[in-house]
Amino acid sequence: MATERYNPRTSEPKWQKAWAEKKLFEARNDDPKPKYYVLEMFPYPSGKIHIGHTRNYTMGDVVARYKRAKGFNVLHPMGWDAFGMPAENAAMQNRVHPKDWTYENIAVMREQLKMMGLSLDWAREFATCDVDYYHRQQMLFLDFVEKGLVTRKSSKVNWDPEDMTVLANEQVIDGRGWRSGALVEQRELTQWFFKITDFAQDLLDSLNLLEEWPEKVKLMQHNWIGRSEGLLIRWPLAKPVGDAHELEVYTTRPDTIFGASFMAVAADHPLARKAAEENVELAKFIEEVRHMGTSVAALETAEKKGFDTGIRVVHPFDETWTLPVYVANFVLMEYGTGAIFGCPSGDQRDLDFANKYGLPVIPVVMPEDGDAKTFQVIEEAYVDDGVMINSRFLDGMKPEKAFNEVAKLLEAKTIGGRPMAERKVNFRLRDWGISRQRYWGCPIPMIHCEACGVVPVPKADLPVKLPDDIEFDRPGNPLDRHPTWRHVKCPQCGRDARRETDTMDTFVDSSWYFARFTAPWANEPTEPKAADEWLAVDQYIGGIEHAILHLLYSRFFTRAMRETGHLNLAEPFKGLFTQGMVVHETYRVGGPSNNGRWLSPSEVRLEDVGGKRLAFEIATGEEATIGALEKMSKSKKNTVSPEEITDGYGADTARWFMLSDSPPERDVEWTDDGAAGAHRFVQRIWRLVQIAAESLPGVKPAAAKDGDAGAVSKAAHKILKAVGEDIEKLGFNRAIARIYELANALASPLNDVAEGKADAALKGACREAVEILVHIIAPVMPHLAEECWEALGGTEMVAERPWPVYDPALVVDNEIVLPVQVNGKKRGDLTIARDADQGAVEKAVLALDFVQKALEGKAPRKVIIVPQRIVNVVA
RNA sequence: GCGGACGUGGCGGAAUUGGUAGACGCAAGGGACUUAAAAUCCCUCGAUCUCUGAUCGUACGGGUUCGAUUCCCGUCGUCCGCACCA
């Protein structure tokens, strides 16, 4: 018998070519079948495909192939998130143009993806740096401007004085720029913003509608939007400061108003600035606060500091009670009104501040069983629920009632013609600043004219193209220094004017690409009909690191595109799945300390010495320390490239291994043993199919009901059902376990067939089971499935065949094995007809030897029968 | 600090609504085939014991239940997100 090994190196390219020639994966917008849109987060073309990408795309591909076989019109596109800093860094370091660098990377990575055998619709491919794409993005921008969804305002940003660019908060490490190492300054810059806060409430409320999103992601977005209900209180100033007569404060705890002992304002608060004009020491303090880093580390270590401005406010409920106003370094101008009232007894930070500056501490809430006369707050603030004390007319109320009482009374009072308090909902969410002082991004299509102000580029003049002749010899934005590009005539008055040289944040590019895929050829940003038909994305798959930014921005963009008529829905992603990473052990010689040298897996030999796994450097023989499982990274050299695997075992093995064992939402450890095991299974399937092909030629597949043949058919149909259900739930590891079971179940019957010991029924059942096996491995191992199907004499390709249908009669057994417990412990089994009624089951159970023995002749106290599940006899 | 998730063999992990704990894979050990190796096939594989059987066992301690990996309370541990948010 020929037992030729399956050779992925020749088979895989052959089938990839065959699929492409038949255009099997190109979705048509006019296909009448029900639609299914599956999408994986598109990659940044950094140079090479990472193994983590391939796990992500394989998951999407399994879903795409399965849904296609189930009769859906599947859209499964791919593109490139191609603008961004790394291209400019490469340009500065290697004197290569960002455009060339990016498109070369795309070419390499496209080939890598094709080698994975992904069923992608390459006809719809685009890169966000294609002029075609960013042209439409500029159209969207102008539409957003027209609808009032864009604003230009001044805000505080992290400014790197060496690279001369704005940095995101994440790019500021210990107060220094992550690239330059220069001390980051806080600068006030005028920037373009998308008004995402206009949608804050809707973005929050709609989270509840996203039933197929992980709770974790919804919770993260919920916290990020950060809604709070409070009261805006206007405190009268004891004496006017300039033309200011009041201090506006936002609080969520107006109930504690009688515990107030000071006011604190941000360093940038107008009142602080005003007071600093006549106070040199205060001005110095404000300057110091401004230069304080905004990084997490800086904030954690920063001491709570304040400076008394000398200004005093009057308590809203007591004209004789005045409170000092401090400038404090922990009050943020960006949140609320940039001013707070401090209630030391109810807030730990306020208490620390009060203790430091000798301010009064008045407890206003105590536990319900406390004693108002003796209850004190000294070192620890009381933040729990309870009952009001020392609060005059609020005493005895619950804080919630006191809140409403204070609100009611202050709403009725007036100050400067306005109510003294207003109920206000506040959000933590900030508007989205999209200006970047970069070259490699989408130009913002606006023009600055001295006479007309800021003027949009007329749509007819779009696209505003990036100039190709550009110098990267200096840091900063090269567009700003370009000799001609920025000079333009004002579209309104025709005089000399200046282009906006900032480009858009690259998160803008990825906020609508999923909509563009529905009609990437359209002249408008979308074809609304196509967008509405394809969207929402039925299954979106990507990393958890995008839980907030990308996913929130996309939700905003979809709403903004609805307002501007480009599509008609609010939520872009119906189902969201966040997959885990691919991790690998690390190896290091020279000790685990920082001066050790990292080794890549290919430089290491692993040995089992006395039951202990040890690693040795191949070149030197030196023992290496085996380190923790970590995300694959270049710095730790624990990477495995997709080529290493496809060159050796082939794409199917890599796909199979990455989805087996670990649940998809969890990290998977890449091990050589695991990959070898997956490849063994590839060969095992191939052997099974070869046996079937040789010994069952022309045999008609037929399910059997009884005997050995029936057992084969039942196993095949049960597993067929289970695999389909598992894929629907993205339980790839469970689906794979079921497929192993089917292969195990087929081994012995197929041997009987090969040895000529099988009757017609068993032959038919085996033939059918093998055909089912080939179809259910196809989503994960598509090339192997095609090769197997061809060997079995199939004429069309598996990729164009429907998913097999299981026979419901075969997935239930006529006889079932019921576990029998005595007093909750399993003592044996009862085999009985599936449809036996409760009386018959009870009778049969009580007749069992071990039950009789346990009962010792007495009647059972109770017999619990859970139909089709279990029997428990209580003695 | 606030919020959330999780904790099952040597390892990755299974286990409908509370109903046989450990499916499936990896590793390990033993055997068959072979001159030998690879490949393949078969067997064992949670712990303990008085071993054809029994007891214990899903981080730990309690509770609810005929029955708990699953539900409740507490403790410990790990991971993640947010964080001067007023």
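A note on names: the letters A, B, ... follow the listed sequences, proteins ahead of strands, and every chain is numbered from 1. Quick caveat: nothing in here was measured; it's all calculated off a predicted structure.
In this structure the side chain of Leu232(A) reaches within 4.5 angstrom of the side chain of Thr337(A), judged on heavy atoms.
Taking atom C1' on both rU8(B) and rU78(B), the two are 15 Å apart, rounded to the nearest angstrom. Annotation: rA68(B) and rA59(B) have their C1' atoms spaced 16 Å apart (nearest Å). With both ends at atom C1', the span from rU34(B) to rC41(B) equals 13 Å, rounded to whole Å. Atom C1' of rC26(B) sits at a distance of 13 Å from the matching atom of rG9(B), rounded to the whole Å. Here, rA15(B) and rC82(B) have their P atoms 30 Å apart, quoted to the whole Å. Going from the P atom of rC24(B) to that of rA37(B) covers 29 Å, rounded to whole Å. For the C1' atoms, the distance linking rA14(B) with rG4(B) amounts to 25 Å, nearest Å.
Pairs passing the side-chain hydrogen bond (donor to acceptor under 3.5 Å, both in side chains) check and including a residue from residues 661-676 of chain A, sequence neighbours excluded, do not occur.
Contact annotation for Arg666(A): backbone-only contact, meaning every heavy-atom pair under 4.0 Å involves sugar-phosphate atoms and none involves a base. If you check every strand for non-hydrogen atoms under 4.0 Å, Ser660(A) touches nothing.
Glycosidic conformation of rG9(B): syn, with the torsion inside 90° of 0.
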Quiz prompt | Pairing annotation in dot-bracket form, given for RNA chain B with Watson-Crick or G-U pairs under 3.5 Å and | for cross-strand partners | solution = (((((((..(((......[....))).(((((.......))))).((((...))))..(((((..]....))))))))))))....
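Under the 3.5 Å distance criterion, with hydrogens and angles disregarded, no donor-acceptor pair is assigned to the side chains of Ser660(A) and Tyr740(A).
Between His550(A) and His546(A), the angle of the ring planes goes over 60°, which puts this pair in the perpendicular group of the 30/60° scheme.
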